[in-house]
Amino acid sequence: MELSKNYIPGEVEAKWYQHWIDQGYFHSEPNNKPAYTVVIPPPNVTGVLHMGHCLNNTIQDILVRRARMQGMNPCWVPGTDHASIATEAKVVAMLRERGIAKSSLSRDEFLEYAWEWKEKYGGIILQQLRKMGCSLDWDRTSFTMDPDYYETVIKVFVDLYNKGKIYRGKRMINWDVRAKTALSDEEVIHKEVNGKMYHIRYKLDVPGEEYITIATVRPETIFGDTAICVHPKDDRYKHLVGSHAFVPMINRRIPIIADDYIEMEFGTGALKVTPAHDINDFNLGQKHGLEVIETLNEDGTMNEEAPMYVGKDRIEVRKIIAADLEASGNLVKLEDYVNQVGFSERTDAVVEPRLSLQWWVDMKQLAGPALEAVMSDEIQFHPAKFKNVYRHWMDNIKDWCISRQLWWGHRIPAWYDADGNVYVAENQAGVNEKYPETQGKTLTQDSDCLDTWFSSWLWPIEVFKGMSNPNNAEINYYYPTSTLVTAPEIIFFWVARMIMAGEEYMGKIPFKDVYFTGIVRDKQGRKMSKSLGNSPDLLGLIDQYGADAVRFGIMIASPAGNDLLFDESTLEQGRNFNSKLWNAAKLLKMWEPRVSKEGKVEQDAAFAMDWFQAKLSATQIEVDSMLKEFRLSEALKTIYGLIWDDYCSWYLEWIKPGFEQPIHADVYNKSIEFYDSLLQLLHPFMPFITEELHHALKPQTQDLCIKEYEAIGKVDEAVLNAGALLKNVISTLRDARNKNQVKPKDAIQLHIQSKNNIAYQTIQNILAKQVNAKSVAYTSTSIGSSIVVALEKDKFYLVADQAIDTASLKENLLKDLEHQRGFLASVEKKLSNEKFVQNAKPEIIAIEQKKKSDALARIETIEESLAQL
RNA sequence: GGGAGCAUAGCUCAGUUGGUUCAGAGCAUCUCGUUUACACCGAGAGGGUCCGCGGUUCGAGCCCGUGUGCUCCCA
């Protein structure tokens, strides 16, 4: 097979992906091999591929491909999440474009549109993952609203309700005024916002006193005030406790109360209490039995409690109320103030605390075993630092608000009779059966949906139908899954809750290892975001550089446990690596016609092969242990170095035949074999080019994708060291040539003075070739008019045709001598320190003694050389 | 306010129970080079007060305390 001048990724990638699919390599069925199960963190069905997905899925693919080549039975399950808020928002927007208002539709009509949208546009991201080479088992593609999955979610709700772990309660929740739904705490993003602090005075209903001034950042909430609260020890206000004040503009009379919750230093020390619109105020109100007055409609506009602003948005009212308060003389002061404001993760609307009747999961009951599983390392977190984060959250866990005022999702299986009694069962027939008193009554089902995460926490179980078809062969084989790869941002949303669900419904943890990726940032360390416009177009990058290069670039820049700063230059590095791989293969193929079986393998080539074999084995072992510890980026760097430096720059140069000279068949075949092993080692990271080259090297009986790793050979340390010495000698001699300005083309005569000539004779040809020496000779005395190089205990004399700069040579030797003497002094000082000799371990002392004798020998060599100059 | 983490070369990071000539790698920079695998290249080089201060130790990049700067999570 002839190789083209350059590697062209596009065609190769499409060809091999299709081939792998056609061969069914990615499909898994339970068998007698060990399972290696990974479930994809299901992207939103509305999602498109971004850098975060690219990183996350590349990592999963590396783990899965490696497991496949290790002879395991990997199963990587794809799928999507119905993403209730995000999808409903998309559908509402689509309807608006068509001139249809959601409010004009019935629930069923709306859902019909939603499914139509999902079938048409949903799951684009799954197509995009194919481009990246992800070896997902597409036959298992799942969706959190598949019929079985849907039923399972409902069953879980009913079950937890029956166990008393789900309840309905009126609580303060986070209200998204745009989506008109409740949000869980985790769906609220806190951001710093520049706002104003309004100082507003309330007229007192006290003889002889006029006003009390409060400070607030949300002046529009005054209509919901039902008290003013001060600290009981605050001398400024003590005497007012128990009396009353009037809310400005509406003149409602409210009590002044005292509570040590108040921070005297904050604002004016007097707090307006609005139980309906602030969680702290609500708690205070509960404690003091205050009235709760709601002033907002569900869309965030003011209701009739704020008579002058009815129907106006609360943010708008905040702006105009200042002027109105000012006009009435009640605005005392206005100052700039930076405060934390909650925004909806999905719609970016400012979240309003709102009192509302919602469904809740009692988390305290579920948290115990889930915490234990992680703290005991039954589930291992990588990096382990996230254990602390996890524990902290679990220790302070709050109940989970699971109802959402949306239509797209799993509808809450609760029914109400005319008197407002609640009945929970899987369906209405179930209600009638379970609660006979409901028979014949008109029941209406709760119109709300469940939080999306209430379905995704069952993902590792239900993708194998572990609940809809308990104890089936698949769930028993694939569960618990092996490794979960996900972003640290969803450790609470998803990871913690999956562990809870696993413990609750399988009695087993859902996965053994959790690998948390970093967050993808831009070069300047900023998060990728739409508004900054710093998210690159991933498919464009794949077109430009090739999928392998993109995978390489993103992995080489991903230190374990850290965020990664994305820089397109690493993609270039990946593309260059593609070229290097391609060219090395071209070189090998170039030799093919000149393969000869005559004679024996020369001892230089034999050495090179022994050395590379040792190097390869050593690196395979190293990579293995790195991957076990999830140090993927380091493993890739190591492989990159092995291929580029050790194989291409050293090994191939060592065995390269002279121009148009034959190459011995044993050497050629061994070199092909080595290269194939390198491709195999690299395959999980860069699947396409490695598969292509695997087949280009020679006719193969098997695709690389499913070729199993062979047992790693023993490492010959002596050969490894000999190779390291050889490299060191070559580099040092090249440096000497460079420093003495010997032209690369000018051949030198090399004289070696060593007590171990045989070692050099074995590799003499390599040495001559690599330092451009026309002759190599051995000497027991020094050689005049030469460049002298001392290395270890040996000396090398380079005789060049041109004159030598003895001055600079001398300078270098003197510099070296000084360094060696300083080093010797420090070693001797250490060895003469009694405490060191007494306390240090014997092997450490032995090392110090060797250092001393080595240094002495070096000094002697340098001094001899200097004497000759 | 509570919690977690980070600080090593221009940049991104390794540095595994404190002890090899330990101060490292990749990228970037500089010098030289176009000898048919590769300029998307080759050969070399330079570059760091291991954030400051104090302590433990025969010995500290590594352990302890403290200060400073930064990041993230939660409230």
Side-chain angles (χ1 to χ4, degrees), chain A residues 3 5-7 185-186 190 263 279-280 340 342 383 385-393 395-396 398 488-489 491-492 518-519 521 523 525 527 545 549 556-565 567 569-570 572-591 625-626 629 631 633-634 636-638 640-641 644-645 648-649 652-653 656 658-660 730-739 741-745 770-772 819-820 822-824 826-827 829-841 843-848 850-851 854-855 858:
Chain A
L3 289 176
K5 179 160 166 36
N6 294 312
Y7 174 60
D185 289 344
E186 288 71 25
H190 293 270
E263 282 179 54
I279 179 68
N280 295 313
Q340 294 281 328
K385 66 179 176 186
F386 287 111
K387 275 169 80 171
N388 291 327
V389 180
Y390 181 79
R391 176 173 49 198
H392 189 250
W393 189 73
D395 282 345
N396 298 291
K398 300 208 175 63
E489 298 153 311
I491 186 168
F492 310 130
I519 295 165
R521 299 169 178 280
K523 248 204 284 205
K527 265 191 178 180
Y545 295 98
I556 205 84
S558 300
N562 280 333
D563 288 353
L564 88 106
L565 303 189
D567 182 351
S569 70
T570 62
E572 254 176 67
Q573 199 187 339
R575 184 199 54 195
N576 296 352
F577 189 32
N578 273 341
S579 294
K580 191 71 184 178
L581 288 162
W582 192 253
N583 282 309
K586 261 164 60 184
L587 178 64
L588 288 167
K589 296 301 283 180
M590 238 177 66
W591 296 337
S625 79
M626 283 171 174
E629 294 168 45
R631 293 158 69 182
S633 183
E634 283 176 72
L636 178 57
K637 275 180 195 162
T638 304
Y640 175 77
W644 200 302
D645 297 331
C648 294
S649 297
L652 286 180
E653 295 300 330
K656 188 188 259 182
F659 186 57
E660 299 201 330
I730 293 168
S731 294
T732 308
L733 296 185
R734 280 170 172 171
D735 185 32
R737 288 183 54 120
N738 244 344
K739 288 229 169 78
Q741 293 174 341
V742 178
K743 293 256 152 51
K745 273 185 189 165
Q770 294 267 276
V771 302
N772 192 16
H819 175 248
Q820 291 299 330
F823 177 67
L824 178 66
S826 78
V827 172
K829 192 178 157 196
K830 212 184 238 188
L831 281 168
S832 59
N833 180 336
E834 270 179 45
K835 285 185 175 173
F836 170 72
V837 181
Q838 279 165 16
N839 293 320
K841 285 178 275 186
E843 57 268 33
I844 301 294
I845 296 172
I847 287 165
E848 291 300 318
K850 180 162 188 309
K851 278 194 216 168
D854 284 355
R858 291 264 306 139

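Both backbone and side-chain heavy atoms feed into the values below; hydrogens, waters and symmetry mates do not. So that the names make sense, note that chain A is the first sequence line, chain B the second, and so on, each numbered from 1.
Shown here for A:Ala549 and A:Gly574, the closest heavy-atom pair between the two residues is CB-C, 3.7 Å. Minimum heavy-atom separation, A:Glu848 to A:Val827: O-CG1, 3.4 Å. The two residues A:Gln573 and A:Tyr640 have their closest heavy-atom pair at NE2-OH, 3.3 Å. Here the shortest heavy-atom pairing between A:Ile556 and A:Lys637 reads CD1-CG, 3.4 Å. The two residues A:Ala584 and A:Cys648 have their closest heavy-atom pair at CB-SG, 3.8 Å.
For the pair A:Glu848 CD and B:C22 C1', the interatomic distance rounds to 12 Å; values are reported in whole Å. Between the NE2 atom of A:His392 and the P atom of B:G1 there is a distance of 15 Å, given to the nearest Å. Whole-Å rounding puts the A:Phe836 CZ to B:A60 P distance at 12 Å. Across the protein-nucleic acid pair, A:Lys830 atom NZ and B:C22 atom P stand 12 Å apart, rounded to whole Å. Here B:A75 presents its C1' atom at 12 Å from CD1 of A:Ile279, a figure rounded to the nearest Å. Between A:Leu565 atom CG and B:C13 atom C1' the separation is 10 Å, expressed in whole Å. One can place CG of A:Leu831 at 14 Å from P of B:U20, the figure rounded to the nearest angstrom. The nearest whole Å value for the distance from the CG atom in A:Asn396 to the C1' atom in B:G2 is 9 Å.
Within 4.0 Å of A:Ala584, counting heavy atoms only, lies at least one base atom of the nucleic acid. Counting non-hydrogen atoms under 4.0 angstrom, A:Asp567 reaches nothing in the nucleic acid. Residue A:Gln741 is classed as having no contact, given no heavy-atom separation below 4.0 Å to the nucleic acid.
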Can you tabulate the close N/O pairs, meaning under 3.5 Å, that link protein atoms to atoms of nucleotides 38-44 of chain B?
from  : atom 1 : to       : atom 2 : distance (Å)
B:C38 : O4'    : A:Asn583 : OD1    : 3.3
B:C38 : O4'    : A:Asn583 : ND2    : 3.2
B:C38 : O2'    : A:Asn583 : ND2    : 3.3
B:C38 : O2     : A:Lys580 : NZ     : 2.8
B:C38 : N3     : A:Lys580 : NZ     : 3.1
B:C40 : O4'    : A:Asn576 : OD1    : 3.0
B:C40 : O2     : A:Asn576 : OD1    : 3.4
B:C40 : O2     : A:Ser579 : OG     : 2.4
B:C40 : N3     : A:Ser579 : OG     : 3.4
B:C41 : OP1    : A:Asn576 : ND2    : 3.3
B:C41 : O3'    : A:Lys580 : NZ     : 3.4
B:G42 : OP1    : A:Lys580 : NZ     : 3.1
B:G42 : OP1    : A:Trp644 : NE1    : 2.5
B:A43 : O3'    : A:Arg734 : NH1    : 2.9
B:G44 : OP1    : A:Ser731 : OG     : 3.0
B:G44 : OP1    : A:Arg734 : NH1    : 3.4
B:G44 : O2'    : A:Asp735 : OD1    : 3.1
B:G44 : O2'    : A:Asn738 : ND2    : 3.4

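Counting only heavy atoms from C-beta on, A:Asn388 has its side chain closest to B:A4 among B:C32, B:A37, B:A4. In the set B:G3, B:A4, B:G15, B:G15 carries the atom at the smallest distance from any side-chain atom of A:Arg631. Set against B:C73, B:C27, B:A37, the side chain of A:Tyr640 has B:C27 as its closest nucleotide.
Judged as a side chain to side chain contact (heavy atoms under 4.5 Å, CB included), and not counting sequence neighbours, the contacts of A:Val389 are A:Phe386, A:Phe492. A:Arg631 is linked by a side chain to side chain donor-acceptor pair (under 3.5 Å) to A:Glu629, A:Glu634, counting only residues two or more places apart in sequence or in another chain. By the side chain to side chain donor-acceptor pair (under 3.5 Å) test, A:Asp567 is found to be paired with A:Ser569, residues two or more places apart in sequence or in another chain being considered. A:Lys739 meets the salt bridge (Lys or Arg N to Asp or Glu O under 4.0 Å) test with A:Asp735; sequence neighbours excluded.
Separation of the C1' atoms belonging to B:C6 and B:C58 is 32 Å when rounded to the nearest angstrom. Remark: the separation of the P atoms in B:G48 and B:U36 is 38 Å, to the nearest Å. B:U20 and B:A4 have their C1' atoms separated by 36 Å, given to the nearest Å. Annotation: B:U56 and B:C64 have their P atoms spaced 15 Å apart (nearest Å). Taking atom P on both B:A45 and B:G26, the two are 12 Å apart, rounded to the nearest angstrom. The gap from the P atom of B:G46 to that of B:C53 amounts to 28 Å, rounded to the nearest Å. As rounded to the nearest Å, B:C13 and B:G52 have C1' atoms that lie 23 Å from one another. Distance noted for atom P between B:A60 and B:C50: 13 Å (whole Å).
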Taking Watson-Crick and G-U wobble pairs with both distances under 3.5 Å, convert RNA chain B into its dot-bracket string, 5' to 3', dots for unpaired and | for cross-strand pairs.
-> (((((((..((((.....[....)))).(((((.......))))).....(((((..]....)))))))))))).
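Mapping A:Lys743 and A:Arg521 onto RNA chain B by nearest heavy atom places A:Lys743 closer to the 5' end of the strand.
No side-chain donor-acceptor contact under 3.5 Å links A:Ser579 to the backbone of A:Tyr7.
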